2 protein chains.
Amino acid sequence: MTSTNDTSTTASGSTATGSTATGSTATGSTATADRIARRQVDKFSERRRQLADAALLTLSELGYARTSLREIAKDSGFSHGVLHYYFRDKVDLITYCVRQYKAHCVERYDGIVATVDDPEVLLAGVADALAGTLAQDTLMHRLWYDLRTQALFEESFRADVAEIDGSLERMIWRTVEAYAGLVGRTPSCDPSFAYATVDGLFHQALLRHLTGSSDALDGLRAGVRRQLPTLVG
Amino acid sequence: MTSTNDTSTTASGSTATGSTATGSTATGSTATADRIARRQVDKFSERRRQLADAALLTLSELGYARTSLREIAKDSGFSHGVLHYYFRDKVDLITYCVRQYKAHCVERYDGIVATVDDPEVLLAGVADALAGTLAQDTLMHRLWYDLRTQALFEESFRADVAEIDGSLERMIWRTVEAYAGLVGRTPSCDPSFAYATVDGLFHQALLRHLTGSSDALDGLRAGVRRQLPTLVG
DNA sequence: AGGATTTCTTGACGATCGTCCAAAGCCCTC
DNA sequence: GAGGGCTTTGGACGATCGTCAAGAAATCCT
């Protein structure tokens with residue numbers, strides 16, 4: 001039926017949002033056709049993003065195992081049939097959701113490593129930032145661990161999940177490098193070791209925070225402030 | 001119909017297996033009735049355990065989200081209807097499975113902390129033991145992380161999952177205490193901190209091991225040997 | 001304005017799910 | 001070996017799942 005449907009799954013890195021592309025091309029006819037095509041593509045991908053947002057909301061509340069396409073559609077305000085107009089199937093939708101979650105993630109995490117000159121201030125800032133996002137985006141973090149676990153069973157998700165995991169590891173590593181620089185030393189461990197231990201602390205804190213433990217946030221802060229200095233030397 | 005079905009969910013700690021109870025009671029008639037009742041209960045709980053074993057096998061292969069009662073029954077060699085004779089519903093079955101998994105876990109982990117007098121030997125032994133169970137019981141560990149995540153969405157599992165988590169934390173803590181004793185110091189952190197960081201290392205190693213990374217086991221060994229000494233002082 | 005195209009709704013399909021139940025099979029006791 | 005309770009079977013039920021297609025509704029272009 002349509003030609004726009006072909007852009008559903010293949011393109012992985014093409015967000016195609018920031019470039020509103022007001023630059024006019026050569027001839028008038030091709031420019032018009034281009035504009036039409038771009039407008040359609042923009043509307044198409046915009047609706048995809050909107051639906052993926054609703055799906056992320058539903059997923060974060062119910063979890064992967066209990067989320068159905070009809071429930072996602074209900075939360076989005078559209079009918080359930082529209083999902084197959086914008087996504088090939090359920091795997092395509094959730095894969096797109098994972099990618100969108102990644103964008104939301106790195107955007108939020110990039111502002112964490114503050115530009116400070118005191119190592120203690122950096123430690124406190126990182127600990128507070130991690131505790132802050134844990135308290136504020138609790139359900140999204142729960143969804144992340146859920147999807148990461150599902151990727152161990154569903155091979156379709158592994159690539160995207162691994163990419164997100166890598167970006168998180170790099171984020172932690174930037175923190176370690178910044179701290180090492182402030183104390184005049186160099187990191188003494190792998191990026192993977194730093195990420196594994198800090199992620200373990202974060203994972204446990206999320207678990208406790210979700211089960212109502214009031215000291216989960218303080219425990220995370222204390223844990224991060226204790227663990228980070230052991231990673232340099 | 002039957003009275004034995006009432007023992008399905010309520011009793012949490014009653015394994016009722018070790019006590020074959022050859023001790024004769026008072027009168028002959030009550031002894032006979034007792035023996036009959038015990039035999040039935042034993043057969044009943046034995047079949048429950050057998051079915052739970054099959055369920056654990058299926059769960060570890062497919063994951064919680066994709067495991068159906070019919071698939072479990074197929075792997076067990078019985079028909080799908082028998083599951084509702086031994087378990088009230090799906091939640092009851094999986095809860096029982098989690099408890100059985102816990103027994104399997106602590107039994108295996110209890111032999112890890114070897115009785116050695118050299119701290120370096122202890123470190124190497126613990127690292128090897130963790131890497132060994134990760135390589136040998138890979139799918140079971142994957143299932144554990146899956147169920148622990150599901151417990152964040154399904155409240156029915158939380159109690160049992162928290163109990164297993166606590167026993168794992170205590171196991172790690174015993175290791176930390178043993179190491180601290182061998183080096184003539186005392187632990188300098190919470191049990192929860194020790195568990196969170198080591199579990200983070202184990203979780204990451206499992207992830208890499210499952211995705212085919214050949215250095216996952218060595219990375220876990222190196223990580224454990226690096227992290228444990230930082231926990232005492 | 002009106003035809004073409006995109007977007008969305010609605011209902012249906014087959015498959016599979018958890019659950020239940022009547023009947024058959026089994027094994028033990030007398 | 002006949003009777004009776006415990007086990008097991010296999011089919012059926014309603015619900016829900018992902019998917020699809022036909023048509024209504026909305027939007028766009030000339």
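In this text the structure is predicted, and so the values were computed from the model without any measurement. These numbers come from the heavy atoms of this one structure, side chains and all, not from hydrogens, waters or symmetry mates. Convention: sequence-line order gives letters A, B, ...; per-chain numbering from 1.
Rounded to an integer number of Å, the gap from CG of B/Asp92 to P of C/dG18 is 14 Å. Remark: P of C/dT7 and CZ of A/Phe87 are 13 Å apart, rounded to the nearest angstrom. The interatomic distance linking B/Phe78 (CZ) with D/dC6 (C1') rounds to 14 Å, in whole Å. Distance CG (A/Leu83) to P (C/dT9): 10 Å, rounded to an integer number of Å. Following rounding to the nearest Å, B/Leu93 (CG) and C/dT19 (C1') show an atom-to-atom distance of 14 Å. Computed from coordinates, the A/Glu71 CD to D/dC17 P distance equals 8 Å when rounded to whole Å. Whole-Å rounding puts the B/Lys74 NZ to D/dG10 P distance at 13 Å. Rounded to a whole Å, the NZ atom of A/Lys90 is 17 Å from the C1' atom of D/dC20.
A cation-pi arrangement is absent between A/Lys90 and A/Phe157, since the terminal nitrogen or guanidinium carbon is not both under 6.0 Å from the aromatic centre and inside a 45° cone about the axis.
Dashed line: the shortest gap from a side-chain N or O of B/Ser68 to OP1 or OP2 of C/dC17 is under 4.0 Å. Considering only side-chain N and O atoms, B/His84 lies nowhere under 4.0 angstrom from the phosphate OP1 or OP2 of C/dC20.
Salt bridge present: B/Glu169 and A/Arg208 bring a charged side-chain N and a carboxylate O closer than 4.0 Å.
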Margin query: One pair to check against side-chain contact (heavy atoms from CB on, under 4.5 Å): A/Trp173 and A/Asp190. What are the steps and the verdict?
Written below: CA-CA 9 Å; A/Trp173 189 241; A/Asp190 288 334; over 6 Å; no
Check: Checking side chain to side chain donor-acceptor pair (under 3.5 Å) for the pair B/Asp199/B/Tyr145: CA distance, chi angles, key distance, verdict?
Finding: CA-CA 11 Å; B/Asp199 185 67; B/Tyr145 288 116; 2.8 Å; yes
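Nearest to the side-chain atoms of A/Tyr85 among the listed nucleotides C/dT6, D/dG18, C/dT9 stands C/dT6. Among C/dA12, C/dT7, C/dT19, the nucleotide with an atom closest to any side-chain atom of A/Arg70 is C/dA12. Checking D/dG11, D/dT9, D/dT19 against every side-chain atom of B/His80, the shortest atom distance belongs to D/dG11. Ranking C/dT19, C/dT7, D/dG18 by closeness to the A/Tyr86 side chain, first place goes to C/dT7.
Residue pairs that meet the side-chain hydrogen bond (donor to acceptor under 3.5 Å, both in side chains) test with at least one member in residues 71-82 of chain A, sequence neighbours left out, are A/Thr58-A/Asp75.
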